[in-house]
Participant: 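Let me begin by handing over the structure; questions about it come next.
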Protein chains: 2
Amino acid sequence: MSRPTKQSPERGNARTRLLEAARDVVRAKGYAAATVDDLCRAADVTKGAFFHHFASKDALGVAAAEFWNEETTAFFEAAPYHQPADALERILAYVAFRKAIIVGEPPEFTCLAGTMAQEVYASSPDIRDACALSIFGHTATLEADIEAARRERGIAGDWTAASLARHTQAVLQGGFVLAKAGNDPELARESLDHLDRYIRHLFHVAEEDAQ
Amino acid sequence: MSRPTKQSPERGNARTRLLEAARDVVRAKGYAAATVDDLCRAADVTKGAFFHHFASKDALGVAAAEFWNEETTAFFEAAPYHQPADALERILAYVAFRKAIIVGEPPEFTCLAGTMAQEVYASSPDIRDACALSIFGHTATLEADIEAARRERGIAGDWTAASLARHTQAVLQGGFVLAKAGNDPELARESLDHLDRYIRHLFHVAEEDAQ
DNA sequence: TTATACATACCTTTTAGTCGGTATGTGTCA
DNA sequence: TGACACATACCGACTAAAAGGTATGTATAA
């Protein structure tokens, strides 16, 4: 593999490979159990490269949460669920899309930010806060569609768009916890079916049978 | 503090204190970040006592998950939400009870099993499985009430009692993740409001305003 | 010739786990 | 009833390995 040049500093450089390794290894074994040597091995770089790019392991943890945020933001922005002109349809398409991408082993589809935030709550507040930014930043993108759908359809009710957006995240995160505990992706998918049914109820639309 | 005798081996012994310490410390900083010395300090016992009672740190992890399971099982069995004669009322009382006990800092009300299962998914399958037993064992207790409520009220729908029981757990676990990430208990409580509304919808009963 | 991006050997602290020892309760037999 | 053997519960210094982090050297690009 060729040395990265200054013209293309992003392409396959050690920093990016380490962030990708963190993303994958941490989702499987947790942040604290993922040692610096583990991460270097997974990224196929040396310790020198690690501490050249990151001042400490915790600094990598923060950067990994930020990297995860950028990566997922770009991924969901490019996703097809934005296409429907109707806001509620976009919301339901979002839920369907989240369900559709739950494939493979739990570490492949679960959320790095949720895993790390829960684990490092008291031991690394910096990492926790970076994870919170990722989670709650993502809910904000959904909130706009929910608010639009409410207006379009004149929906009342004692709930807010922000709260439903956060609930959607909670169902996802909780589904991931169950999927990891039971080592079964279906546990995450079935909660999204319940969420779909709940949202249709809030907006007074009929359920669809096949999902 | 007096030495425990063979007549009262359970009272305040080192083993129990270590399990309680694990319950509290792990929920705050995660399993891997909780060192044996941390746990001994929190339990006010020595390392000798630790390794007298547990063959390894992982063995303590498994025992802590089992201890958590026993403790929460007893707690929820004794809880008042079982009182209503009507099954649906018991379910809604359960959700209200789960909401009511979300007080204090996140490590005080979040779930040890959920935290550990997510973290040790690949690093300690033994612990993960012990956590799964606790989580899915608890859903089973709720499932009976859901099934009873369905029969009593003749509710159809393409969902099962088992799946709704698991969804309830997912909403709880997800709420805990958000509460830890945002360091705000209200994030867990608000998802339970959505869950309450969803369950009332499934059983065709009106919402109550104040919760 | 200077800055960047590594590589490698090394250092220091922390970590899980060990080991010999002590205190105390318990069963047994004279 | 007391002496003895034995088991359980615990103590705390020690150890080996693993951990995060450092120091120094080198190749390449600008």
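Lettering follows sequence order; numbering is per chain, from 1.
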Participant: Check side chain to side chain donor-acceptor pair (under 3.5 Å) between B/Lys57 and all other residues, then give those that pass, not counting sequence neighbours.
Facilitator: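 None.
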
Participant: Run the salt-bridge test on B/Glu119 and B/Arg128 with the 4.0 Å N-O cut-off and return the result as yes or no.
Facilitator: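 Salt bridge flag = no for B/Arg128 with B/Glu119.
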
Participant: Tell me which pairs pass ring pair (Phe, Tyr, Trp, His ring centres under 6.0 Å) where either residue lies in residues 112-143 of chain A, with sequence neighbours left out.
Facilitator: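 Listed by first then second residue: A/Phe76-A/His138, A/Tyr94-A/His138.
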
Participant: Heavy atom of residues 22-46 of chain A under 4.0 Å from DNA chain D: which residues?
Facilitator: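 Close to the strand are A/Thr35, A/Val36.
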
Participant: Inspect the contact between B/Lys99 and B/Asp196 and indicate whether a charged nitrogen and a carboxylate oxygen are less than 4.0 angstrom apart.
Facilitator: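 Result for this pair is no, no salt bridge flagged.
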
Participant: Quick one: is D/dC10 close enough that its OP1 or OP2 comes under 4.0 Å of any side-chain N or O from B/His53?
Facilitator: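 For B/His53, the contact criterion (side-chain N or O under 4.0 Å from OP1 or OP2 of D/dC10) is met.
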
Participant: Can you see if the side chain of A/His52 gets near the phosphate of C/dA5 - specifically, an N or O under 4.0 Å from OP1 or OP2?
Facilitator: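 Yes, within the criterion.
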
Participant: By salt bridge (charged side-chain N to carboxylate O under 4.0 Å, His left out), which residues pair with A/Glu186, not counting sequence neighbours?
Facilitator: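 A/Glu186 satisfies salt bridge (charged side-chain N to carboxylate O under 4.0 Å, His left out) with A/Arg189 once adjacent residues are dropped.
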
Participant: To the nearest Å, give me how far apart CZ (B/Phe50) and P (D/dC10) are.
Facilitator: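 Result: 14 Å.
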
Participant: From C-beta outward on B/Lys47, which listed nucleotide comes closest to its side chain: D/dC10, C/dC6, C/dG17?
Facilitator: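 Of D/dC10, C/dC6, C/dG17, C/dG17 is nearest to the side chain of B/Lys47.
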
Participant: Of the options D/dC10, C/dA7, D/dG21, whose atoms approach the side-chain atoms of A/Phe51 most closely?
Facilitator: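 Output: D/dG21.
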
Participant: Mind running a 4.0 Å heavy-atom check of residues 54-61 of chain A against DNA chain D and sending the residues that fall below it, in number order?
Facilitator: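 Contacting residues: A/Ser56, A/Lys57.
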
Participant: With distance as the sole test, does A/Asp38 use its side chain to make a donor-acceptor pair with the main-chain N or O of A/Thr35 at under 3.5 Å?
Facilitator: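 Flag set: sc A/Asp38 to bb A/Thr35 pair under 3.5 Å.
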
Participant: Which whole-number value in Å describes the distance from A/Arg15 CZ to C/dA5 P?
Facilitator: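 From A/Arg15 CZ to C/dA5 P: 10 Å.
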
Participant: Check the side chains of A/Gln118 and B/Thr115 for a donor-acceptor pair under 3.5 angstrom, ignoring hydrogens and angles.
Facilitator: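 There is such a pair (donor and acceptor under 3.5 Å, judged by atom type) between the side chains of B/Thr115 and A/Gln118.
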
Participant: Tell me: CZ of B/Arg17 to C1' of D/dC11, nearest whole Å?
Facilitator: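 After rounding, the gap between these two atoms is 13 Å.
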
Participant: Of all residues at least two apart in sequence or in a different chain, which pass the side chain to side chain donor-acceptor pair (under 3.5 Å) check with A/Asp44?
Facilitator: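 A/Asp44 satisfies side chain to side chain donor-acceptor pair (under 3.5 Å) with no other residue.
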
